[in-house]
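The next block holds one structure in the form of structure tokens; read it before the comments.
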2 protein chains.
Amino acid sequence: MTRREPRPRERGIPEATVARLPVYLRALQALSESGTPTVSSEELASRAGVNSAKLRKDLSHLGSYGTRGVGYDVGYLVYQISRELGLTQDWSVAIVGAGNLGRALANYGGFGTRGFRIAALLDAEPALVGDRVAGLSVGHIDTLEGVVEAENVSIGVIATPAQAAQAVCDRFVGAGVTSVLNFAPVVLNVPPEVDVRKVDLSIELQILAFHEQRKADGREGPERIGTLDAPPGPAGGQ
Amino acid sequence: MTRREPRPRERGIPEATVARLPVYLRALQALSESGTPTVSSEELASRAGVNSAKLRKDLSHLGSYGTRGVGYDVGYLVYQISRELGLTQDWSVAIVGAGNLGRALANYGGFGTRGFRIAALLDAEPALVGDRVAGLSVGHIDTLEGVVEAENVSIGVIATPAQAAQAVCDRFVGAGVTSVLNFAPVVLNVPPEVDVRKVDLSIELQILAFHEQRKADGREGPERIGTLDAPPGPAGGQ
DNA sequence: CCCACTTTGTGCGCGTGTTCACAAGGGCGT
DNA sequence: ACGCCCTTGTGAACACGCGCACAAAGTGGG
């Protein structure tokens, strides 16, 4: 019934590959700027921090853009990857939350790569409205729907506190936004046609802490050291 | 030879599970605060945005902490997950880069969850040194090694521009830091014993753009529309 | 004390992703 | 024009993660 199709891979590029294409693109752009005309899979893989076989398989999903015995033409690959990622057109982005994070995002060098345009930076706090950040003026959250429509915003960025995130998300969705990038530490509920990606600082830190603990355990000897281990007990916890 | 062991899963918890534990933990903490004593896998899974079978399997890696017919004791699970993630001890974190991003991170509510202590916020820019952010004073980057040693920092956060990232990383590693959280858009080179996690805004945006383009293609009709498709050509790129 | 109901814990099949290893293909020197 | 050497593209084996579906286990009511 509500069975979700495993997304029949609309045109054949695996999700894992899509996630790596931007990394390749960045490495290629650096090569391009340094005037390098061609690059081997080995070299590019090393710069992207991946295995060269994986790189070749990833690129093979886009087509046969390499030349055996030579490598890949840098400029050509940049173009092909950009096109595949949809960066040959401009995407309008609206950021909600003009705190430090929202400002950091807005200042993030033309949003890291060309292809993205910040249509608006909005906040609920009247004191912030009107501030100038990265060449644009902070708008009030109530203008969200208007901006989304007028500027044809398709990607919404949520840089608000956790409590506000779901409400902002709902407004984005209601206004027609179909992709959301969420920096707030909450799980967002959205209709299935909307894509959500989450960036969560504290989760990343906790994952690092886990591995760090592993390493520390190893160093201090594998014997269970005297953990002051009176677990709350399944009955009385909290 | 340089064959990398596939990491024999030191104590049995799959990486994918580790990445979800913090999400469960957050949901559980919310339940705990609202006074809920027990929760079923179904309910918790829904709040965490995952499948309930997956949740049960994840939790089963920590041990048998549920009660059949009842569910999980919220307080007890909070404790067990915290312990597994290493959050029952405090980790010292140093942040390099006191721009908007660094400040956003420093202000991130006691770093999202207890278990982390910001030992220092450093920057290379003399004009920023001495600023007070989130109750601490911005230090100079040259004090990095001293701080790492004195405060026993094991996790380094890089919130600098791309050009500076590798150098900062090298200093972290040289000073004995074994986990790095990198916000700069570069691939860091580190010795194998160091863990690096990357958070990259522009990559996330590009992935969203990819899917957005897919959706748009679908809407405009599946026929290849007249892409002004004169690819630079493998010969003349750049 | 037993039975019906609820919910956990997990065996299993499937799809995805990763890596090795090699055949196919193209350039370049002679 | 030929053959060597380099690098791509991919078949196949393997590892991993996911989700279904069900047996095991504990609860509460009569």
Side-chain angles (χ1 to χ4, degrees), chain A residues 1-21 23-24 28 36-74 76-77 80-81 207 234-235, chain B residues 1-10 12-21 23-24 28 31 36-74 76-77 80-81 207 234-235:
Chain A
M1 352 190 82
T2 338
R3 184 78 85 69
R4 178 84 57 98
E5 283 301 319
R7 187 170 295 210
R9 189 164 300 164
E10 293 88 322
R11 193 175 141 209
I13 300 190
E15 195 55 36
T17 296
V18 172
R20 283 187 295 266
L21 288 180
V23 180
Y24 304 155
L28 285 163
T36 314
T38 64
V39 66
S40 71
S41 63
E42 200 70 50
E43 170 73 15
L44 183 54
S46 148
R47 290 175 185 249
V50 303
N51 177 299
S52 74
K54 181 150 62 180
L55 175 97
R56 289 198 297 277
K57 192 156 284 188
D58 282 343
L59 294 184
S60 78
H61 286 115
L62 312 188
S64 258
Y65 296 145
T67 308
R68 295 169 192 237
V70 177
Y72 299 89
D73 181 280
V74 172
Y76 189 57
L77 249 199
Q80 291 298 344
I81 295 181
I207 295 171
Chain B
M1 350 195 87
T2 339
R3 183 79 82 72
R4 179 83 57 98
E5 284 301 320
R7 187 169 297 208
R9 190 165 297 165
E10 294 89 321
I13 301 191
E15 195 54 35
T17 295
V18 172
R20 282 186 296 266
L21 288 180
V23 180
Y24 304 154
L28 285 163
L31 286 167
T36 315
T38 64
V39 66
S40 71
S41 63
E42 199 70 51
E43 171 71 16
L44 183 54
S46 149
R47 289 176 185 249
V50 303
N51 176 299
S52 74
K54 181 151 63 182
L55 174 96
R56 289 196 298 275
K57 193 161 287 186
D58 283 343
L59 294 185
S60 78
H61 286 116
L62 311 189
S64 259
Y65 295 148
T67 307
R68 295 171 192 232
V70 177
Y72 299 89
D73 182 279
V74 172
Y76 190 58
L77 249 199
Q80 290 299 344
I81 295 180
I207 294 171

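Here is how names work: the chains are called A, B, and so on, in the same order as the sequence lines, proteins then strands, and each is numbered from 1. Nothing here was measured: the structure is a model prediction, and the numbers come from that model.
- Going from atom OH of A:Y65 over to atom P of D:dT10 covers 13 Å, rounded to whole Å.
- Considering only heavy atoms from C-beta on, B:L31 comes within 4.5 Å of B:R47 through its side chain.
- The closest side-chain heavy-atom distance from B:E43 to B:Y72 is not below 4.5 Å.
- Not one side-chain nitrogen or oxygen of B:S40 sits closer than 4.0 Å to the OP1 or OP2 atom of C:dT7.
- Of the residues in residues 44-58 of chain A, those with a non-hydrogen atom less than 4.0 angstrom from any atom of DNA chain D are A:R56, A:K57.
- Between A:S41 and D:dT8 there is a side-chain N or O to OP1 or OP2 distance below 4.0 Å.
- Per the geometry, CD belonging to A:E15 stands 16 Å off C1' belonging to D:dC18, to the nearest Å.
- For a distance-only test at 3.5 Å, the side chain of A:R68 qualifies as a donor-acceptor partner of the base of D:dT8.
- Nearest heavy atom pair, residue B:A45 against residue B:S52, reads CB-CA, 3.5 Å.
- D:dC20 atom P lies 10 Å from atom CD of B:E42, rounded to whole Å.
- Scanning all heavy atoms of the two residues, the minimum distance from B:L21 to B:I81 falls at O-CG2, 3.9 Å.
- Note: CG (B:D73) to P (C:dT7) measures 16 Å, nearest angstrom.
- The interatomic distance linking B:L59 (CG) with D:dG17 (C1') rounds to 16 Å, in whole Å.
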- [ ] Using the side chain to side chain contact (heavy atoms under 4.5 Å, CB included) rule, take A:L44 and A:L28 through it: C-alpha gap first, then chi angles, then the decisive distance, then the call.
- [x] CA-CA 8 Å; A:L44 183 54; A:L28 285 163; 3.9 Å; yes

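- In this entry the distance linking CG of A:L77 with P of D:dT7 reads 16 Å, nearest Å.
- Annotation for A:H61 and A:G12: closest pair CD2-O, 4.0 Å, computed over non-hydrogen atoms.
- Nearest-nucleotide positions on DNA chain C for B:S64 and A:A16 put B:S64 closer to the 5' end.
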